[in-house]
Structure formats: C-alpha cells, structure tokens
Novice: 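Please see the structure below; I have some questions.
Residue numbers start from 1 in every chain, and the chains themselves are labelled A, B, ... in the order their sequence lines are given, proteins ahead of strands. Note: hydrogens, waters and symmetry copies are ignored here, and every other heavy atom, side chains too, is used.
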2 protein chains.
Amino acid sequence: MTTVLIVDDEPQILRALQINLHAHGYTVVPAPNGTTALAAAQTQAIDVVVLDLGLPDMDGLDVIAGLRGWTEVPIIVLSARHASHDKVEALDAGADDYVTKPFGLDELLARLRAATRRAGPQTSEPLVETAEFTVDLANKSVLRGGTPVRMTPTEWNVLELLVRNPGRLISQQQILTEVWGPAYAKETHYLRVYMGQLRRKLERDPAAPVHLLTEAGMGYRFAP
Amino acid sequence: MTTVLIVDDEPQILRALQINLHAHGYTVVPAPNGTTALAAAQTQAIDVVVLDLGLPDMDGLDVIAGLRGWTEVPIIVLSARHASHDKVEALDAGADDYVTKPFGLDELLARLRAATRRAGPQTSEPLVETAEFTVDLANKSVLRGGTPVRMTPTEWNVLELLVRNPGRLISQQQILTEVWGPAYAKETHYLRVYMGQLRRKLERDPAAPVHLLTEAGMGYRFAP
DNA sequence: GGACGGCGTTAAGAACACGTAAAAACAAGC
DNA sequence: GCTTGTTTTTACGTGTTCTTAACGCCGTCC
C-alpha cells in the first residue's frame, strides 16, 4: 500500500484528491498547510508527497527544503504558476516533478506511479548508528546509551554534515561554509571549539576520539 | 561530467539542444531516430535520456520499452502532444518525466538536474585499486589490507595527482607546480622525501616499489 | 678509478595546526 | 532588566607536518 501525503490549502481540492486517490488504492494523509505537512511526514511513513506551492503559513519551497533536510521521498509539486523560473526553483529545491494546474487526474496518477516506481522499495533509514551513539536525522535528535543528548543548533549542523557523509573526509572550509556561511571559511578555530564540544558529548574518551576524527591539515571525518 | 543522449528527428532542434546543453557542461550524444538511439545507449555510458516521441522509424513508446528492458537510466520525454493519455502512456511505459512543447530551456535544464540528482550518487565511483592498496578519491581515504592509512595533506596531493593519471608519466616539475606551486618547480628534493614516505606507507617493499615508480631523470609514474 | 649527478633515506628544528579551558559578547525568554 | 543558554574570542600548551640538511647508494662520464 502506497501512502501519499497531500498538502493543499484549498479544502475542496484536498478533499477531491483524497477521494480520488483513495479510490485508486492509495492511503492518503491530508495536510492543509506546511507546518502540519512537515509534522505528518516525521510521524508517519510517507511514500510520496503531493505539494501545492500556495500555502498560507509558509513558502512551498521551504516545505521542500524542510523535507529534503532528512528524506529523499519523491515530491510532486502542483502549482497554478506556469512561469519557467517557478518550476526551476521548485525542482532545484529538491522537487521531483512539477505539474501545472489545471491537470488531469489520470496524469497525476501516472506521475505518482512514475515517482513511486523510481523510489522503489523504501530502504533509506534516516538513522545513523555507531557503537557509542545514534543520530536520528529525521527527529534531529541524538541518543547515547538510550538517553537523549542535547545539541545546540550549531553543534547539530556540524554533526549532521559529518554524519550524512560517513567515511568521507570533509574539509574545514566545507564545514565552515555550509554551517556558518562562505564569509567564515577562514575561521577554523570555530571548528576546534565545536568539535571539542561534540566529542565531549559523544565520545567515550574525548581525548582519543573514535568516531569524530581529525585529519590534521585536511579536515574531519565521521567513522561509523 | 554528465552524458545526455538526445533523441529527436528534427535536425534544428537536435542541434539547438546539443549546443545549449554543451554550453551548460553536459556531454551530448545526439541520435536522429530510435534505432541509433538504442544502439548508442548500448555502446556508451549514458546518464540521462531526452527523448522526443515523434520519431520516423519507430514509436517513441517502443524506444522507452527498449531502454527499460535493461537499464534504469532516467528518461525525460519531450512531446508536442498535450493530451492526457499520451502522458499517461509514456510515463507508464517507463519514462520519468514528460515535458510538453514548447518548453523553456531553463525548465528542461532543471528537470535534467532533478533527474540526475535522483540517480546521481550511484554513478561513477572514483575508486582506484591496486593489488596492495585502494585509493578512494571521493572520500579522500586510502585503504591497505582493509585498514585505513593516514595521509598528510602534501602526501595526499602527490598521491592523488599520480593516481588520477594511472600509467602516465608525470614530470617532476608538474608535480611540484601542482602541489607546491610554480615557485617550487626546482625543489626536486621535496619529491624524493615525499615519494619515500608514500612508498613506506603503501608499498610492500618500499625499496623495490611496484606501483609508485621512478623514471630516472624524467618523473614518476603510478602503475595500477 | 674517481668525480659527478640523480636518487633514496633519515633526522631535527621551524612552522603550522589542533585541543582545551575560560571569559566575553550576544540572543532569547520571562 | 535579569537569567539562561549559545556563540564568539582569547590564550596557551601540545602535537603534527613541512622544510632543510646531511649522508649513502648507484649509475654514468671523464
């Protein structure tokens, strides 16, 4: 059974899609705005997202970004806007498809089939585990020995970047530009402070790290 | 570098796409009909297919079917037909996306990016292997007998340059200018020190190297 | 045979990068 | 306006890497 998260602020469209998709064998999770959509995506297993860009509470692009932060679930964007740059923005933000209104239901169904066919069996777990701690990318939480570890925003951003690339060496510049911004590419001492904090929170022996490794002169590496 | 197979029977469109995509950094393989398209897909590594449905020699749907028989390369369909059932047929035949003419070039580029992003990470693993060690260019890591070998920045730069050109002779000046900078082109003794360190870390018998070879008076060569 | 140039090895000081702690600056909530 | 939590500075000790020099080896050329 395929579960579809439908995000649309117009109740009648939401309802119409809900009925039609249900009639075609989909399990439908409705969401009238971006906030509930993001919340729903975190609490339930979603196979594909149908997203209307015109939402009352937040920009549709931010919804895409919010989802793409931790999941690769297919996103099909619905929009009344035909302009080229709207499509480009949505697709580059991480959407998989862009359908302009008005659209035929059978076309949407076909695109849903195409999107789910590609994704195939959902295997990607947003969990990264080590012998010492577990990082939950979806919940933005870290568990160590069963108990949660508090992370400050900056600590989380650094940790997330490293953990998303297990085994890969990340240069100081890359971490600094992605977490602090391009203007901070030279502030390498920030990193020393934050790597120290992360190690103190996550490593058994912070002075002899096993998972958050330093490669002198090159960068840092997360070893699972 | 991403390689795009473009299938279109109209020479001017084929040519226009070829020029535009090339200008945006894509390698383009053109095909005027279905037969040559299928042949080209078999002989070359294709990252994404752009397919016009109106072909002289065979039905576009059959081209999709012919590709889907053995590959999951992303297929973006171009078509003048707006009818719903055309889109449904193409998508259900295995196409990933369906763009109706006329379309904006930037939209096509965005859809190309979306298609390659999805399939992206699995393609082209930059791994260089020898009997003694393995160099992972993406992760900037070296494995020898399953255990990682630490490299200093300079060691890595020299090794990477050699390994990226397997079998090719690299002159001393070339290594020095690329790693240390043009001002150091004469400091050949640096190389002796670093080649020694690399051999000590990577060769079974550093005194009789098998992979990091010296060509007296000329330069160094990496033999896989 | 001996001098010479290119190469490999080793060792040690200099230069640089890193880790840690603690204080100052800043932001958010009450 | 105060408190609390977070980020940014600052300072200093330690560890790693780079550079440089010295020496030995092996060929070639005089």
Novice: Are the charged groups of A:K101 and A:D52 less than 4.0 angstrom apart, N to O?
Specialist: yes

Novice: Nearest heavy atom decides the nucleotide; on that basis, is A:G217 or B:P206 closer to the 5' end of DNA chain C?
Specialist: B:P206

Novice: So, is A:R150 close to the D:dT6 phosphate, meaning a side-chain N or O under 4.0 Å from OP1 or OP2?
Specialist: yes

Novice: Decide yes or no on side-chain hydrogen bond (donor to acceptor under 3.5 Å, both in side chains) for A:T2 and A:R113, but give the supporting numbers first.
Specialist: CA-CA 10 Å; A:T2 308; A:R113 284 192 295 273; over 6 Å; no

Novice: At 4.0 Å (heavy atoms only), tell me whether B:Q172 reaches a base, stays on the sugar-phosphate, or touches nothing.
Specialist: sugar-phosphate

Novice: In whole angstrom, what separates B:E155's CD from D:dT17's P?
Specialist: 8 Å

Novice: When we call it a touch if two heavy atoms are under 4.0 Å apart, what does A:W180 touch: a base, just sugar-phosphate, or nothing?
Specialist: sugar-phosphate

Novice: For A:E215 and C:dC18, give me the distance from atom CD to atom C1', rounded to whole Å.
Specialist: 13 Å

Novice: Respond yes when some side-chain nitrogen or oxygen of B:Y190 is under 4.0 Å from OP1 or OP2 of D:dC18, and no when none is.
Specialist: no

Novice: What nucleotide, of C:dA21, D:dC18, C:dG8, holds the atom closest to the side chain of A:V193?
Specialist: C:dA21

Novice: To the nearest Å, how far apart are B:M218 CE and C:dG5 C1'?
Specialist: 17 Å

Novice: Side-chain N or O of A:T154 versus OP1/OP2 of D:dT6: is the shortest distance under 4.0 Å?
Specialist: no

Novice: Establish, with yes or no, whether the OP1 or OP2 oxygen of C:dC7 is under 4.0 angstrom from a side-chain nitrogen or oxygen of B:R192.
Specialist: yes

Novice: Report the distance from atom CG of A:L213 to atom P of D:dT16, rounded to the nearest whole Å.
Specialist: 14 Å

Novice: Would you say A:T214 reaches C:dG19's phosphate, i.e. side-chain N/O to OP1/OP2 under 4.0 Å?
Specialist: yes

Novice: Less than 4.0 angstrom between a side-chain N/O of B:T188 and OP1 or OP2 of C:dC7, yes or no?
Specialist: no

Novice: Please pick, from D:dT8, C:dG8, D:dT17, the nucleotide with the shortest atom-to-atom distance to any side-chain atom of A:Y194.
Specialist: D:dT8

Novice: Taking atom P of D:dT19 as reference, at what distance in whole Å does atom NZ of B:K186 sit?
Specialist: 18 Å

Novice: Checking contacts here: which listed nucleotide (D:dT9, D:dT6, C:dC18) is nearest the side-chain heavy atoms of A:H189?
Specialist: D:dT9

Novice: Can you check the B:L212 CG to C:dC7 P distance for me, whole Å?
Specialist: 16 Å

Novice: Is the shortest distance from a Lys or Arg side-chain nitrogen in A:R150 or A:E155 to a carboxylate oxygen in the other one below 4.0 Å?
Specialist: no

Novice: From CD1 of B:I175 over to P of C:dC7, roughly how many Å is that when rounded to an integer?
Specialist: 11 Å

Novice: Would B:L176 and B:T188 count as a side-chain contact (heavy atoms from CB on, under 4.5 Å) here? Give the steps.
Specialist: CA-CA 8 Å; B:L176 286 165; B:T188 58; 4.2 Å; yes

Novice: Strictly below 4.0 Å: does A:Y220 bring a side-chain N or O up to OP1 or OP2 of C:dC18?
Specialist: no

Novice: Hey, what do you get for CD (B:E72) to CG (B:D96), rounding to the nearest 0.5 Å?
Specialist: 9.0 Å

Novice: Measuring centre to centre across the rings, with the benzene-like ring taken for any Trp, is A:Y194 within less than 6.0 Å of A:W156?
Specialist: no

Novice: Starting at CG of A:L191 and ending at C1' of D:dT8, how long is that distance when rounded to a whole Å?
Specialist: 13 Å

